[in-house]
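Heads up: the structure comes next, in structure tokens.
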Number of protein chains: 2
Amino acid sequence: MTAKNKPTQKLSASLEDYLEAIYNLQADGEQARSKDIAENLDVSRASVTGALRLLKQKQLVNYQPYDAVTLTNAGKDAAAEVARRHNVLKYFLIKILGVQPEAAQIAACKTEHTLGAETFAKLLAFTEFVREKQKQGQDLAGQFEKFCQKEKAKKNVDTKG
Amino acid sequence: MTAKNKPTQKLSASLEDYLEAIYNLQADGEQARSKDIAENLDVSRASVTGALRLLKQKQLVNYQPYDAVTLTNAGKDAAAEVARRHNVLKYFLIKILGVQPEAAQIAACKTEHTLGAETFAKLLAFTEFVREKQKQGQDLAGQFEKFCQKEKAKKNVDTKG
DNA sequence: GAATATAGTTAGCTGCGACTAACTTGTCAA
DNA sequence: TTGACAAGTTAGTCGCAGCTAACTATATTC
């Protein structure tokens with residue numbers, strides 16, 4: 001039980017993004033260098049330096065100038081939480097709503113910082129619910145996709161006719 | 001057909017909020033005074049003045065200092081679109097996911113600016129899909145609620161046992 | 001080991017969106 | 001009609017999150 005009773009200071013969306021990027025780089029077995037983070041988030045290297053200073057202040061990263069960055073335990077917890085929210089969202093958007101993967105990735109990035117804990121919990125539960133239904137032989141995602149196609153066809157008729 | 005072929009300049013989340021607040025005040029039959037907008041959004045009156053100047057620049061509001069504010073046609077369209085997104089989200093969160101209304105209101109406010117058009121369309125379609133299922137005799141929202149309760153009960157056992 | 005390329009930092013700037021404090025305008029009541 | 005209070009504006013500040021340009025440190029290569 002590592003992530004419990006954490007004060008878990010509120011982080012800005014932007015700092016959460018930096019944290020997540022470092023987390024992902026490390027998960028890929030790569031060193032998180034300033035340059036990589038910059039490329040990952042499409043920001044300047046200078047912006048990364050600024051963010052690392054803030055994250056160090058908050059004791060979420062181990063950062064010495066000109067040295068490789070690693071996450072502290074608190075940083076790992078915070079980053080894992082962001083990544084978890086990201087994945088919950090992305091799964092829901094792609095697998096249930098049928099949003100295109102690229103669009104879903106972007107939407108998840110932007111939204112992972114804003115939805116509350118309750119909503120994430122419900123979203124997660126809903127995907128489990130759909131999976132459960134699947135096991136029971138009802139393919140809700142598939143039915144929804146068909147429903148969308150029908151609607152689309154209807155619209156085309158409307159516009160043409 | 002008023003909202004078609006609009007350049008519909010990209011607005012910041014914050015300006016969209018101002019626009020929506022004015023829209024809602026007017027919809028309630030009230031005059032949108034600076035003070036009301038400030039109270040509505042919980043910001044200072046000075047911030048409202050700043051926002052109104054920007055919105056005027058973009059020709060979305062009719063604004064003269066010391067005078068009541070109204071929306072231009074373009075402003076109405078933009079505000080209606082924001083309100084529509086807000087409602088789509090809120091409906092989905094409350095009626096399908098079963099999120100508490102207050103939490104849903106907050107989540108919708110924060111998220112209405114970030115999700116893309118495709119995602120909103122899918123979300124809307126999904127609520128229609130659920131309604132369709134309802135007509136056909138399958139109450140998905142109700143089934144999901146039961147599912148959540150079962151999960152909750154399970155967790156309680158886990159924690160206690 | 002010096003020259004150079006790459007990576008990282010610093011300094012200083014911008015725009016946004018909030019704020020406070022102080023001032024101006026509008027309104028209403030005595 | 002004037003004085004006081006409410007509403008609105010202005011000026012100036014702050015923090016955040018970017019940026020560029022210029023500098024410094026590290027690594028590589030000859």
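What you see below is based on every heavy atom in this structure, not just the backbone, and it leaves out hydrogens, waters and symmetry mates. Note on naming: letters A, B, ... go to the chains in the order of the sequence lines (proteins, then strands), and numbering restarts at 1 for each one.
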(request) Take nucleotides 21-28 of chain D nucleotide by nucleotide from the 5' end and write B, S or -, depending on whether a protein heavy atom sits under 4.0 Å from the base, only from the sugar-phosphate, or from neither. (result) ---BS---
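Applying the side-chain contact (heavy atoms from CB on, under 4.5 Å) criterion to B:Ala125, with sequence neighbours excluded, gives A:Phe144, A:Cys148. For the side chain to side chain donor-acceptor pair (under 3.5 Å) test, no residue two or more places apart in sequence or in another chain qualifies with B:Thr127.
C:dG8 atom P lies 9 Å from atom OH of A:Tyr63, rounded to whole Å. A:Leu54 places its CG atom 10 Å from the P atom of D:dG18, with the value rounded to the nearest Å.
Annotation for B:Asp42: atom CG does not count as buried by contact number, only 12 or fewer foreign heavy atoms lying within 6.0 Å.
Remark: A:Arg33, A:Ser34, A:Lys35 in residues 29-42 of chain A come within less than 4.0 Å of DNA chain C through at least one heavy atom. Residues from residues 13-25 of chain A lying near DNA chain C, meaning a heavy-atom separation below 4.0 Å, are absent.
A:Lys150 has no carboxylate O lying under 4.0 Å from a charged side-chain N of B:Glu132, or vice versa, which leaves the two without a salt bridge. In this structure, A:Glu118 does not pair ionically with A:Lys122, as no charged nitrogen and carboxylate oxygen lie closer than 4.0 Å. Checked for salt-bridge contact, B:Glu128 and B:Arg131 miss the test: no charged N lies under 4.0 Å from a carboxylate O.
To the nearest 0.5 angstrom, A:Leu124 atom CG is 12.5 Å from A:Thr119 atom OG1.
Taking only side-chain nitrogens and oxygens, A:Ser47 comes nearer than 4.0 Å to OP1 or OP2 of D:dC19. Phosphate contact (OP1/OP2 of C:dT9, side-chain N/O of A:Thr49, threshold under 4.0 Å): present. B:Ser44 has no side-chain polar atom (N or O) that falls below the 4.0 Å cut-off from OP1 or OP2 of C:dT20.
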Name the atoms and distances for all side-chain donor-acceptor pairs under 3.5 Å in residues 87-101 of chain A, with sequence neighbours left out.
from: A:Asn87; atom 1: ND2; to: A:Ala83; atom 2: O; distance (Å): 3.2
from: A:Lys90; atom 1: NZ; to: A:Gln105; atom 2: OE1; distance (Å): 2.8

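No side-chain donor from either of A:Lys76 and A:Gln26 sits under 3.5 Å from a side-chain acceptor of the other.
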